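Notes to accompany the following structure.
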Amino acid sequence: MYASQAINTVLGFVSTRKQLATTFSVVKSSVESLLKQPLEFSKITELKAILPDLIKFAYIPRNELRVTEDSLKGRRENSPDCSVSGAASTSVAALENEDDHILILEFVDNARGKKTKGNNIVTVSALQPAAVKKLVEKRNKRFHEAISEFLLSESGMVDPVNALKAAAQAHIPVNPSGDGPIIQPSNRQFLGVPDPSNRPSIDGIVTELEKQSWCEGRITDRRTIAAKTALTAVLEPPLSPSIARALLDSRKITTFYCHQVAAIHALAQNKHVIVSTSTASGKSVIYQVPVLRFLEADSSATAIFVYPTKALAQDQKAAMEQLLSTCTSLRDLEVATYDGDTPQELRSEVRETASIIFTNFDMIHASILPQEELWRKFLKNIKLIVVDELHYYSGLFGSHVALILRRLRRVCAAVGNRRILFVSCSATITNPQAHMSKMFGLAPEEVEAITKDGAPSGPKDFLVWNPPHIDEKVPSLGRYSSLAEATGLMRFLMKKGVRVILFCKIRKVCELAMKTLRADLSSEGRFDILERTMPYRGGYSREDRRRIEQDAFNGRLLGVVATNALELGVDIGVLDAVIMLGFPVTIAGFRQQAGRAGRRSRDSLAVLVADSYPIDQYYVAHPEDLFEKSNDDLIIDLESKPLLEAHLQCAAQEMPLSNEDEKYFGALFKEVCESHLVKDHDGWYHTHPEFLPFPSKFISIRGTQEETYAVVNVTKAEPCSGKGSILEEVEITRAIFEIYEGGVFMHQGLTFIVKEVSHDSKIAYVTRADVSWITSPR
C-alpha cells in the first residue's frame, strides 16, 4: 500500500518537472528514499497485475527516452531527485552506453502531451501543484478500488496473496534487446494463449471488452447476425463412387448445399453459371465436381481456373491436388500453376502435361493467347473455364478482362472448341446474371444465376469502433489514433485465443501497424504472441508470401496484418475476428473483408475501427447503411475505342480478324479495324507493323507497367559488395517516396535505414536499425 503511494508521489512530482526520466532505476531510487527501505521488484509487478491498464512497466527503445535538463535547475534541496543523473550518477549522454532498450515505470494517464517539432517524441507539459495533488489523489483512489475488486474476485481463494503473486508473474517485463527480464519468472505457463479451438465465446469476449476502461465510449454500434442452419439438396444423378470417396476423404463432404446442387445441375444442362452467395459457402465445390466429372469421362479434357491473385491460385491448386490425390481414377492427372512465378523452363511442361492450369488474366493476355499455336491442343480440349471472385474485375481492369475473354472465346472457337462452359463466383455482386453476361459476351438466357445461399453460418457480432476526440471540448485537436486503437484491440483479442486479421488500406499503414504490434508486444514480454503475428502485403518475395500463407493455413499464426491482398477467398484457416482499420472504400469491400471471419460455422467478430475521414464518420453515424445498403454496380466499358483498338491489335496477331468477329467485339469493331489495323486484299485484318511481333507487350491490363527497385539488406555486408539478401521489390512510383538515402524503410514491421541508392541498377541498400521514427521526403 505504502509502495504504491510512494510511486504515485514520485511520478506525480515528475509531472511538475517536465521530466520523462521515468526509468525503473530512477523511480526505484527516489521511492526508496521516501520509504526508507528497498523497493522490491515484485511489488511493481503486483501493482501492474492489479492495475494493468493504468501502469506501464515495460522496455522502450533507448532513443525514445528524452529528458528536459532545463527543468533540473532550481530543484529544492530536499526534493526527490528524479533525474537520470541524480539517480544513476550519470549524465543524459551516458545513456548512449546503455542497452538498446530501457525499462520504464510510469502511469499511462499522464498529462496529454504534444509532439516535439522534428520528431515523434511526446513531451509532457508541466502540471501545476494543485493539478498534481488532484492527479495523485485520483490514482490513490483508483488503487484502493482495484484492491477491493481483486479481493472480491478472489474471494473463493484460500490465499489471495499467493493469487496476486501468481498473477504478477505475467507482468514481468522482458528486454527485447535479448538480455531477458530483470528477474526471470519462476513460472510462465499462465502466459500461454488459449487454444483457438477452445477460446471463449465471441459474445463473452465482447462483453468483457465493453468493461475495459480503455474501451469506454468507443463502441458506437453493436449488432449480431443470428446463426443460420444449412439447406441441403440431393444431387441427381449421383456422383461416381470414386469422386464421392475423394470428396469424403479430402474434404469430409457427404452432402451438398442447395446452391451447390443448383449450380452443378445447371452446368450439366450446358448452361453458364454464376454463383453469388456468402463468403465461405463452398463455392469452389461448384466447379471442382463438374471438372472431376469431365476428367473421369475424358482424360484428355482440360480446364482453366482464373484467379485475381497468386495467393488465391496457390490456395485453390493445393485444394484440387488434395482432391485428385484421393480420387483413385484421376490421381495420375497433373495440375499446375501458370503465372509470373512459373520458371520459363517449366512452362512448356505445364502446357503439355497439365489437365488443369491455375492462372490469371495477365498470363492469358501476355503468354497464352499470343502463343496460341503452342497451346492449341490444350485450348481445343477445354471443357470448363472458371473465373473466381468476379466482383474483382471492374473499371479499367474489368474492361480489359472483358475483351481478353472475348479474345479467348474467339481463339477456342477457331480451333474447333465451341463447347466451353463458363463458371463465375462472387460473394458481393448486385446483378450477377447481367454482369456475367456483359463480362463474357454471352446472351443473358445462356447464364444461370444462383443466389439462394444454403450454407450454414455461425452467429456474427459487428462492432463500429470510433476513437474519441483527444479533447471533447476542442474537437479541432482530432481523434485518438485509429491505428493505435486497432492494434490495441488486436492484442486484446489475441490474448484471448482469438485468431485475428487486421486489414489496412495501404502498404505503409500495414507496416506501421506491424511495427506498433511488435513494439507493444515486446514491451509486454508477449513474444509468445509476437512470434505468431505476421504482416502480409504485395511486394513481399514469393518465398515470404508462400511461407506466411502456409503458416496461416496450418494454424500457427494467431494474428495477420494485411492489405486487401487477403481480402479475397484465400483459405488461411479458421479466422475468428476481422478488424478493418478504416472504412474499406466500398460497401462491397466492407462485406468482403467482414466475411473472412467465421468460416466453417463458428461464431465470429467483425470490427470497423473508424478513421477521422468524413466517409468513416458517416458510417459511424449511419451504421445501418453497412448492412442494408446495396452494393455498387460493377462498371465495365466496352465502348472505349482506344481500349478496343489495343485488344484488336492483339487479336489480329493471334489470328487474322474478319467481319464475322464483330459478334465478339461489338458494333465498333469494323470502324476500329478500318482505321487502325492493316487490311489485306482478301478482307482480313492484321496487326499494325509498329506493334509486332507481340502487341500484348504494349498493354498493361492493370495500369501503367512499372519498373521496380530491389531493396537489399546489407546489415552484415557492405553496400555494392554483391552480398546481402533481397527484402522485396518496390515499384518506382512508391520508391521515389519510400527509398532515399537516410530514410527509414519498413519491412514486416521492422525498420531499416537506407544507406545507398543506385538509380542506374535500381537497387537500394539498407541496414537493420531499431528506430522509433519514420521519415517522409520533403
Side-chain angles (χ1 to χ4, degrees), residues 201-203 223-240 243-269 271-293 316 319 323 384 386 388-391 421 423-436 447-462 568-569 571 573-576 578 588 591-606 627-628 630-631:
S201 69
I202 291 297
D203 181 67
R223 59 188 69 201
T224 302
I225 295 182
K228 186 181 67 173
T229 58
L231 297 174
T232 60
V234 178
L235 188 63
E236 293 291 349
L239 298 175
S240 69
I243 295 177
R245 186 69 190 179
L247 288 169
L248 175 62
D249 291 345
S250 65
R251 307 277 289 277
K252 302 295 185 289
I253 295 174
T254 56
T255 58
F256 294 96
Y257 303 135
C258 63
H259 64 274
Q260 294 173 331
V261 170
I264 295 170
H265 280 168
L267 286 169
Q269 296 167 7
K271 284 192 173 184
H272 308 292
V273 170
I274 179 167
V275 180
S276 182
T277 55
S278 62
T279 305
S281 57
K283 290 189 287 292
S284 58
V285 173
I286 287 162
Y287 50 81
Q288 288 171 345
V289 167
V291 82
L292 291 179
R293 280 179 159 176
Q316 291 298 321
L323 195 55
L384 197 68
V386 177
D388 202 6
E389 307 289 355
L390 189 63
H391 64 274
L421 293 175
V423 180
S424 276
C425 302
S426 175
T428 51
I429 194 167
T430 302
N431 192 338
Q433 184 184 40
H435 187 66
M436 183 178 185
V447 177
E448 183 81 12
I450 311 294
T451 57
K452 184 178 180 180
D453 191 349
S457 61
K460 172 166 283 187
D461 277 88
F462 286 87
L568 303 175
D571 188 356
V574 179
L575 291 172
D576 302 309
V578 167
R591 292 170 184 167
Q592 191 74 26
Q593 291 184 6
R596 292 314 313 269
R599 300 169 79 89
R600 303 175 191 171
S601 303
R602 295 197 69 185
D603 60 340
S604 59
L605 174 67
F627 308 95
E628 299 170 4
S630 62
N631 294 320

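Everything numeric in this text was worked out from a predicted model, so none of it was measured. Hydrogens, waters and symmetry mates play no part in the numbers below; they use all other heavy atoms, side chains included.
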Is it the case that over 12 heavy atoms from other parts of the model lie below 6.0 angstrom from the CZ atom of Arg591?
yes
Shortest non-hydrogen contact between Ala455 and His259, atoms and distance
N-CE1, 3.7 Å
Trace of the side chain to side chain contact (heavy atoms under 4.5 Å, CB included) decision for Arg293 with Ile264
CA-CA 11 Å; Arg293 280 179 159 176; Ile264 295 170; 3.8 Å; yes
Residues at least two apart in sequence or cross-chain that pass salt bridge (Lys or Arg N to Asp or Glu O under 4.0 Å) with Asp603, listed by chain then number, are Arg199
Given the options Ile253, Leu267, Leu239, Leu323, Val289 meets side-chain contact (heavy atoms from CB on, under 4.5 Å) only with Leu239
At what distance, to the nearest 0.5 angstrom, does CZ of Arg602 lie from OG of Ser457?
14.5 Å
Separation between OG1 (Thr255) and CD (Gln260), nearest 0.5 Å, reads 8.5 Å
Does some side-chain heavy atom of Leu248 sit less than 4.5 Å from a side-chain heavy atom of Thr254?
yes
Mind checking the CG-CG spacing from Asp461 to Leu605? Nearest 0.5 Å is all I need.
6.5 Å
For Glu448 and Ala266, which heavy atoms make the closest approach, and how far apart are they?
CG-CB, 3.9 Å
Over all atoms of both residues, closest heavy-atom pair of Met436 and Ile274:
SD-CB, 3.5 Å
What pairs with Ala233 under side chain to side chain contact (heavy atoms under 4.5 Å, CB included), at least two apart in sequence or on another chain?
Cys258, Val261
Taking all atoms of both residues into account, what is the closest heavy-atom pair of Ser281 and Tyr257, and its distance?
O-CD1, 3.7 Å
How long is the gap from NE2 on His265 to CD1 on Ile450, to the nearest 0.5 Å?
10.5 Å
Could you please spell out the steps behind the side chain to side chain contact (heavy atoms under 4.5 Å, CB included) verdict for His435 and Ser276?
CA-CA 11 Å; His435 187 66; Ser276 182; over 6 Å; no
Roughly how far apart are Ser250 OG and Arg245 CZ, rounded to 0.5 Å?
11.0 Å
Between atom CD1 of Ile243 and atom CG of Leu292, what is the distance when rounded to the nearest 0.5 Å?
5.0 Å
If every non-hydrogen atom of Lys460 is compared with every non-hydrogen atom of Ala597, which pair is closest and at what distance?
NZ-O, 2.9 Å
Heavy atoms only: give me the nearest Gln288-Val291 pair and the separation to one decimal.
O-CG1, 3.1 Å
Side-chain heavy atoms of Lys228 within contact of Asp453, under 4.5 Å:
yes
